[in-house]
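Have a look at the structure below, then the notes.
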Amino acid sequence: LGVLAGVCLGWPDTQGFRMVGAEGKLATLVGLGLTLKVGVHHRDRTRIRLVCFLGNAGFDAVLRLHDAVVPPVLVGGATPPTPVPAQ
């Protein structure tokens with residue numbers, strides 16, 4: 001019997017995406033698992049990454065949006081950083 005749990009809280013991953021989501025796996029005779037994560041690239045806000053797995057099937061995709069994702073207003077009224085134009 002094995003159990004795995006994970007959570008993504010918005011820190012950049014190795015590819016620069018600020019991922020938010022969770023994953024969990026239970027290993028018995030039949031392994032069960034679920035992963036749901038989404039993130040925006042920390043420099044190029046027109047790129048988003050979607051990760052969805054159920055058991056051994058799923059996808060990990062990077063999509064390019066037409067317009068940049070605008071972050072919500074930051075605490076204290078600070079303005080968010082200006083996105084870097086896509087190349």
Side-chain angles (χ1 to χ4, degrees):
L1 176 68
V3 177
L4 168 76
V7 64
C8 296
L9 300 174
W11 292 290
D13 65 5
T14 58
Q15 297 175 359
F17 289 93
R18 295 186 178 271
M19 302 299 290
V20 175
E23 66 180 321
K25 295 181 183 173
L26 176 63
T28 58
L29 294 176
V30 177
L32 300 173
L34 175 67
T35 301
L36 294 171
K37 297 187 273 188
V38 64
V40 177
H41 197 272
H42 76 282
R43 287 194 184 138
D44 181 2
R45 294 197 176 273
T46 63
R47 292 174 47 200
I48 63 171
R49 181 177 179 195
L50 301 172
V51 180
C52 180
F53 282 92
L54 180 60
N56 291 330
F59 63 88
D60 184 343
V62 175
L63 307 170
R64 185 171 297 275
L65 303 175
H66 180 63
D67 294 322
V69 175
V70 178
V73 176
L74 300 175
V75 175
T79 56
T82 306
V84 176
Q87 297 182 17

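Along the sequence shown, residues are numbered consecutively beginning with 1.
Cluster membership for L32 and L4, using ILVMFWY side-chain heavy atoms within less than 4.5 angstrom, is not shared. Hydrophobic clustering of Ile, Leu, Val, Met, Phe, Trp and Tyr side chains at less than 4.5 Å, counting indirect connections, unites V51 with V62.
A pairwise comparison of heavy atoms in K37 and C8 identifies CD-SG, 3.2 Å as the closest pair. In terms of heavy atoms, H41 sits closest to F17 at N-CD2, 3.4 Å. Nearest heavy atom pair, residue F59 against residue F53, reads O-CE1, 3.7 Å.
Rounding to the nearest 0.5 Å places CG of L65 at 4.5 Å from CD1 of I48. To the nearest 0.5 Å, the span separating NE2 on H42 from CE on M19 amounts to 14.0 Å.
Using a 4.5 Å cut-off on side-chain heavy atoms (C-beta onward), R18 and V40 make no contact.
Here R49 pairs with D13, D60 under the salt bridge (charged side-chain N to carboxylate O under 4.0 Å, His left out) rule; sequence neighbours left out.
Grouping Ile, Leu, Val, Met, Phe, Trp and Tyr by side-chain contacts under 4.5 Å, direct or through others, puts L34 with L36, L54.
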